[in-house]
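The structure appears right after this line, and notes come after that.
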Amino acid sequence: MADASESGGKTALEVEGLTAGYGDIEIVHGIDLSVSEGSLVSVVGPNGAGKSTLLKAILGLVKVFDGSIRLDGHDVTRFPLEQLVRRGIGYVPQVDDVFETLRVHENLEMGGYLLDKPTRARRIEEVLEFFPVLAEHMRRYVGTMSGGERKMVAVGRALMTSPRVVIFDEPTAGLAPTLVQSVLEDQARALADRGKAVLLVEQRAHAALQLSDWAYVLVQGRVARSARAADVLSDPEMGEVFLGGAVKS
Ligand SMILES: Nc1ncnc2c1ncn2[C@@H]1O[C@H](COP(=O)(O)OP(=O)(O)OP(=O)(O)O)[C@@H](O)[C@H]1O
Ligand SMILES: [Mg+2]
């Protein structure tokens, strides 16, 4: 049977039977999901489906009731975020993803605070190689930058630990429509093409699916469909899941 692992290399992140929520309330029920090296996997679905809750459960930010999360084959269920970062997960949150009152280079240094100085300097070079345009802005305060530029800083910060898995929570939320395509393409897709396992939660389903290898459609806290992104895109029934009509961006 086709599954997410065929779309890339070795499985990096594997979620099995994950049930999670807030207080006593279960929001996501028995989620199975996997992300391989070199692939971009999207989680899409209507508002309130539990997409953010699923991410937060993986990242140790909400209560996991049942199920498991494995990173490179090691059980990391209920590990706090800092430990997950140490073990190779990079997280780009939807909000509060940069320090606005700090300069670009300071933001990058914060992302690498766990590292020794030479490694940190080397990683900054790697980030600038990935985002050459940031080199011109290193001394700028992030608060003065555009939404797209800030996202670059946020991703750059997450890349400082050289993660093997990169998790994006709605990277295009609040961005001008003209920036949506480039953020998804130059950041999420480009990282997958460089061998990272990329997990993307996006409300702009159409734009995300066009660039993704695999898609999980989440409805009412359950995986309603797990398929090649192209197959989800071309399925007219899937249009019903989003906004009650055609799959839109
Ligand atoms: N902190 C919280 N405490 C209690 N319930 C919450 C909390 N955060 C979210 N929920 C509930 O969990 C459900 C799923 O929310 P979640 O934010 O995961 O959905 P989502 O798929 O990310 O939606 P959206 O597309 O609007 O971002 C919703 O019913 C929401 O009201
Ligand atoms: Mg959400």
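Start at 1 and go down the list; that is how both ligands and their atoms are numbered.
Using a 4.0 Å cut-off between charged nitrogen and carboxylate oxygen, Asp97 and Lys151 count as a salt-bridge pair. Contact check on Arg189 versus Asp193 returns a salt bridge, with a Lys/Arg side-chain nitrogen under 4.0 Å from an Asp/Glu carboxylate oxygen. Under the 4.0 Å criterion applied to side-chain N and carboxylate O atoms, Glu100 and Arg150 are assigned as salt-bridge partners.
The OG atom of Ser34 lies 4.0 Å from the OH atom of Tyr216; values are rounded to the nearest 0.5 Å.
Annotation: side chain to side chain contact (heavy atoms under 4.5 Å, CB included) contacts of Asp186 (sequence neighbours excluded): Ser182. For the salt bridge (Lys or Arg N to Asp or Glu O under 4.0 Å) test, residues two or more places apart in sequence or in another chain that qualify with Glu14 are Arg70.
Side-chain contact of Trp214 with Ser226: a donor-acceptor pair under 3.5 Å is present, judged by distance alone.
Looking at heavy atoms from C-beta onward, Thr19 lies out of side-chain contact with Val64 at the 4.5 angstrom threshold.
A side chain to side chain contact (heavy atoms under 4.5 Å, CB included) with Val35 holds for exactly one of Val166, Leu40, Asp213, Leu199; it is Leu199.
Excluding water, every protein N/O/S atom under 2.8 Å from the Mg ion (ligand 2) is given here by residue and atom: Ser52 OG.
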In a simple table, one pair per line, please give the protein and ligand 1 atom names for every N or O pair closer than 3.5 Å, along with the distance.
from	atom 1	to	atom 2	distance (Å)
ligand 1	8 (N)	Tyr22	OH	3.4
ligand 1	18 (O)	Thr53	N	3.0
ligand 1	18 (O)	Thr53	OG1	2.5
ligand 1	19 (O)	Gly50	N	3.3
ligand 1	21 (O)	Ala49	N	3.1
ligand 1	21 (O)	Gly50	N	2.9
ligand 1	21 (O)	Lys51	N	2.9
ligand 1	21 (O)	Lys51	NZ	2.9
ligand 1	22 (O)	Ser52	N	2.9
ligand 1	22 (O)	Ser52	OG	2.9
ligand 1	23 (O)	Gly48	N	2.8
ligand 1	25 (O)	Asn47	ND2	3.1
ligand 1	25 (O)	Lys51	NZ	2.7
ligand 1	25 (O)	Gln203	NE2	3.1
ligand 1	26 (O)	Asn47	ND2	3.1
ligand 1	27 (O)	Gln203	NE2	3.4

